[in-house]
Amino acid sequence: MKKNKLLIPFAMLISALIFSGCSGKKSSAAIEDVYARMQSEVKFPTPMLKMDDDYFVMQFGFNLEDFDQYIYVQGEDILLAESVILIKAKNGVDTNKIKHKLESFVSDQTTVFNSYIPEQGKVAEKSVVVAKGSYVYLLMSSKVSELKKIAQEMI
């Protein structure tokens, strides 16, 4: 009987450790670090410009109070479909809503580029929009596969 009293708590402890190990990698990557690595490892076809808070809010209608961190950069050459948006949302914020707004942006950009510069429309069509945990990112670039690899490794 004494062995059974010790066996149950021990089994519960082992189960808790096993299941906590299977819960997945919890990322705490700093957005600036992710983008800094992208800048250092990827040769963008145009210099990338960091967009300010007002432009970001105007473009997407986001409430910046919902974010712990974010970065929004666009290519200096507006004739190229080059944009990177990395967001770390605060706890409790619906990242699917953020993802939906970014997907709408991709759709709009694809339409515009297809009308004027079809080869850039193809770049926009291949954009990646991902929500993972509290992170959401958009990668629209001729270098999307390289950027995606970095994002997947760090986020």
Side-chain angles (χ1 to χ4, degrees), residues 15-117 119-155:
S15 296
L17 290 173
I18 289 171
F19 286 116
S20 68
C22 295
S23 65
K25 182 177 124 183
K26 196 136 181 147
S27 178
S28 60
I31 293 301
E32 292 290 337
D33 293 341
V34 176
Y35 184 65
R37 182 168 165 204
M38 288 175 174
Q39 278 186 304
S40 71
E41 294 182 19
V42 177
K43 178 143 177 49
F44 288 96
T46 182
M48 300 298 282
L49 303 174
K50 187 173 181 181
M51 309 313 287
D52 66 19
D53 292 348
D54 293 336
Y55 186 80
F56 193 49
V57 169
M58 180 189 72
Q59 182 77 31
F60 296 97
F62 288 135
N63 178 358
L64 297 181
E65 297 294 317
D66 290 342
F67 304 154
D68 281 332
Q69 307 167 30
Y70 86 89
I71 188 164
Y72 175 24
V73 293
Q74 283 188 316
E76 183 177 69
D77 184 344
I78 61 170
L79 300 178
L80 298 177
E82 299 290 327
S83 295
V84 173
I85 299 172
L86 307 168
I87 298 169
K88 182 171 189 261
K90 290 184 178 177
N91 287 337
V93 172
D94 185 354
T95 55
N96 285 322
K97 286 183 181 178
I98 298 168
K99 182 181 178 193
H100 178 70
K101 286 184 180 185
L102 296 179
E103 289 169 337
S104 293
F105 174 76
V106 168
S107 178
D108 293 346
Q109 291 294 100
T110 300
T111 300
V112 169
F113 279 115
N114 277 334
S115 297
Y116 298 101
I117 312 168
E119 62 273 6
Q120 291 302 306
K122 289 180 176 69
V123 170
E125 286 172 0
K126 294 179 182 176
S127 295
V128 173
V129 181
V130 174
K132 181 179 177 187
S134 60
Y135 292 84
V136 184
Y137 58 88
L138 175 147
L139 308 170
M140 179 185 295
S141 176
S142 58
K143 306 292 185 172
V144 72
S145 60
E146 296 170 54
L147 296 170
K148 182 180 175 185
K149 182 179 180 225
I150 293 168
Q152 288 174 328
E153 288 174 4
M154 294 188 73
I155 295 176

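Only heavy atoms go into these numbers, but all of them, side chains included; no hydrogens, no water, no symmetry mates.
Between the Lys148 side chain and the Val128 main chain, no donor and acceptor come within less than 3.5 Å of each other. In this structure, Gln69 contributes its side chain and Ile31 its backbone to a donor-acceptor pair below 3.5 Å.
Shown here is Lys97, whose NZ atom has no more than 12 heavy atoms of other residues, nucleotides or ligands within 6.0 Å. Applying the 6.0 Å contact sphere to CD1 of Ile78 captures no more than 12 heavy atoms from other residues, nucleotides or ligands. By the neighbour-count criterion of 12 heavy atoms within 6.0 Å, atom NZ of Lys101 is densely surrounded, having more than that number from other residues, nucleotides or ligands.
The heavy-atom pair separating Ala151 from Met38 by the smallest distance is CB-CE, 4.0 Å. Nearest heavy-atom pair across Asp77 and Thr46 is N-OG1, 3.1 Å. Between Ala131 and Lys99, the closest heavy-atom pair is CB-CD, 3.9 Å. The minimum heavy-atom distance linking Thr110 with Gly121 is given by the pair CG2-O, 4.0 Å. Residues Asp68 and Ala89 approach most closely at OD2-O, 3.7 Å, considering heavy atoms. Residues Ser142 and Val123 come closest through the heavy atom pair N-CG1, 3.6 Å.
Between Phe67 and Phe62, the ring-plane angle classifies as perpendicular under the 30° and 60° cut-offs.
Here Arg37 contributes atom CZ and Lys149 contributes atom NZ; the two are 7.0 Å apart, rounded to the nearest 0.5 Å. For the atom pair CD of Glu76 and CZ of Phe44, the computed distance is 13.5 Å after rounding to the nearest 0.5 Å. Here CZ of Phe113 is found 7.5 Å from CG of Leu79. Values are rounded to the nearest 0.5 Å. Note: Ile71 CD1 to Ile87 CD1 = 11.5 Å, rounded to the nearest 0.5 Å. Distance CE/Met140 to CD/Glu125: 10.5 Å, rounded to 0.5 Å. Of the inter-residue distances, the one linking Ser83 atom OG with Leu49 atom CG reads 10.5 Å to the nearest 0.5 angstrom.
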Stepwise side-chain contact (heavy atoms from CB on, under 4.5 Å) test for Asp66 and Lys90 = CA-CA 6 Å; Asp66 290 342; Lys90 290 184 178 177; 5.8 Å; no
CA sep, side-chain torsions, deciding dist, call: Glu82, Met48, side-chain contact (heavy atoms from CB on, under 4.5 Å) | CA-CA 8 Å; Glu82 299 290 327; Met48 300 298 282; 4.0 Å; yes
Would you check, one step at a time, whether the test side-chain contact (heavy atoms from CB on, under 4.5 Å) holds for Glu146 with Glu41?
-> CA-CA 8 Å; Glu146 296 170 54; Glu41 294 182 19; over 6 Å; no
Report the C-alpha distance between Leu138 and Phe105 in whole Å, list the side-chain angles of each, state the deciding distance to 0.1 Å, and finish with yes or no for side-chain contact (heavy atoms from CB on, under 4.5 Å).
-> CA-CA 10 Å; Leu138 175 147; Phe105 174 76; 3.9 Å; yes
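When the options Phe56, Tyr137, Tyr35 are evaluated for a ring pair (Phe, Tyr, Trp, His ring centres under 6.0 Å) with Tyr70, the one that passes is Phe56.
Using a 4.0 Å cut-off between charged side-chain N and carboxylate O, Glu32 and Lys50 make a salt bridge.
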